[in-house]
Student: 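Below is the structure I would like to discuss, written out as structure tokens.
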Amino acid sequence: MTTHTYHISNKKIDCIFQASISQLENYAADNAIVILTDSKIASVYHQQLSAYRVISFEAGEANKIQETVDQIILQLLEMEIDKDALLVGVGGGVVTDITGFVASIYKRGLRFGFVPTTILAMVDAAIGGKNGVNIGPYKNMIGTILQPWFILYDYSFLQSLPHEEWVNGFAEIIKHACIKDPVLFASIQQHQLSDYMQDTELLSDLIQKNVALKFEIVALDEMEKNERLHLNFGHTIGHAIENTYQIKHGAAVAIGMVVACHLSESLSGFDLSQTVQIVQLIKQYQLPTGIEMDVDRIIKLVLADKKRAGKDIRFVLLNSIGEAAIQLIPIETIRTHLIEYTS
Ligand code: GLY
């Protein structure tokens, strides 16, 4: 077990790697802990969670909505949970987003931590303090920014992770490499997904690098005014595709990254040979590189994006692999590219 403490604004966040969920005892007594989790984790890991009070909700992105938050809050009230309790989200990104949101609004704020159980949550969703829910087809439109107290990495939860969820998580790892770390990019080029699935040391090293990279960016810009916007590489188009076509977040981000690479070629001088490398890496990790889409529908959602600035979209482009840049791009330019590259 190794603990790294990261600092964001005036908050300290412990990341406990190669840990066991039983080490929650270092943060609170079992009877002060309330686990929030989804129906799948609650049933597969019933034994591991039996020491705690557990509130579970139906698994799936479709349940990342205000109604789920209301149901959880009613259960917390029925359990007479007060401000001394510790909420722990055990699960993937939906669970961590909902837990952070509930913890930031229940009785005006409770302490909370995460035990992420998917690759995506380990390297991305559990880190950064953004939390919240979707409304209609609009992703993450309601929420707060509040940092967890700790993130505890218990890799035994990965034993039940479906293959498609491993693939899903690697989209964010590829994204991190593309925006900030050419060495990480080269290292994942040299491996296959199966290498990481079979070798816990290799995986743990990869996860720790990605955690450090994300914390470094968030620490510079917690409120997402500049540097942190780079983490949205692939997400402007990705979010719109994800909710329209009900595909996995990682698949949608992978397609969004390909669109962003092509836009980067024409707008920021990004080299075609680097687009080819990124497309190859996305395929190597079994992610899609394109989808047939209804461009008008996607553009409507892009216009609702939080990164909109008047008629322009604050879009993340690449200057080179490992170096991202923000450009204001007219919506019509994005439309033209979508028609060109997705038909
Ligand atoms: N919770 C994910 C983030 O803050 O980026």
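Order of listing sets the numbers, starting from 1, for every ligand and every atom in it. In this chain, residues are counted from 1 in sequence order.
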Student: May I ask you to decide if the ring planes of Y196 and Y285 are parallel, tilted or perpendicular, using 30° and 60° as cut-offs?
Tutor: tilted

Student: Hey, does N131 come in under 3.5 Å of ligand 1, counting only N/O atoms on both sides?
Tutor: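 No, no N or O pair falls under 3.5 Å.
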
Student: Atom 4 (O) of ligand 1: which protein heavy atom is closest, and how many Å away?
Tutor: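 For atom 4 (O) of ligand 1, the nearest protein heavy atom comes out as R228 NH2, 2.6 Å.
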
Student: For P116, which of I151, V123, V90 qualifies under side chain to side chain contact (heavy atoms under 4.5 Å, CB included)?
Tutor: I151

Student: Quick one: salt bridge (charged side-chain N to carboxylate O under 4.0 Å, His left out) partners of E332, sequence neighbours excluded?
Tutor: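 Partners of E332 by the salt bridge (charged side-chain N to carboxylate O under 4.0 Å, His left out) criterion, ordered by chain and then number, come out as R335.
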
Student: One residue to check: E222. Relative to ligand 1, which of side chain, backbone, both or neither has a non-hydrogen atom less than 4.0 Å away?
Tutor: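 No part of E222 comes within reach of ligand 1.
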
Student: Classify the ring geometry of H239 against H235: parallel below 30°, tilted from 30° to 60°, perpendicular beyond 60°.
Tutor: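 Geometry flag for H235 against H239: perpendicular rings.
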
Student: What protein heavy atom lies closest to atom 5 (O) of ligand 1? Include the residue and the distance to one decimal.
Tutor: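 Here the nearest protein heavy atom works out to K214 NZ, 2.6 Å.
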
Student: Charged N to carboxylate O below 4.0 Å: is that the case for D205 and K209?
Tutor: yes

Student: Give the numbers and elements of all ligand 1 atoms closer than 4.0 Å to a heavy atom of G129.
Tutor: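 By the 4.0 Å cutoff, the relevant atoms are 4 (O).
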
Student: Does ligand 1 have a heavy atom under 4.0 Å from the side chain of A126, from its backbone, from both, or from neither?
Tutor: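 None of A126 does.
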
Student: Below 3.5 Å, N or O to N or O, backbone or side chain included: is there any such pair between K130 and ligand 1?
Tutor: yes

Student: Please determine whether a side-chain nitrogen of the Lys or Arg among K107 and D82 lies less than 4.0 Å from a carboxylate oxygen of the Asp or Glu.
Tutor: no

Student: For ligand 1, which part of I127 has a heavy atom less than 4.0 Å away: the side chain, the backbone, both, or neither?
Tutor: backbone

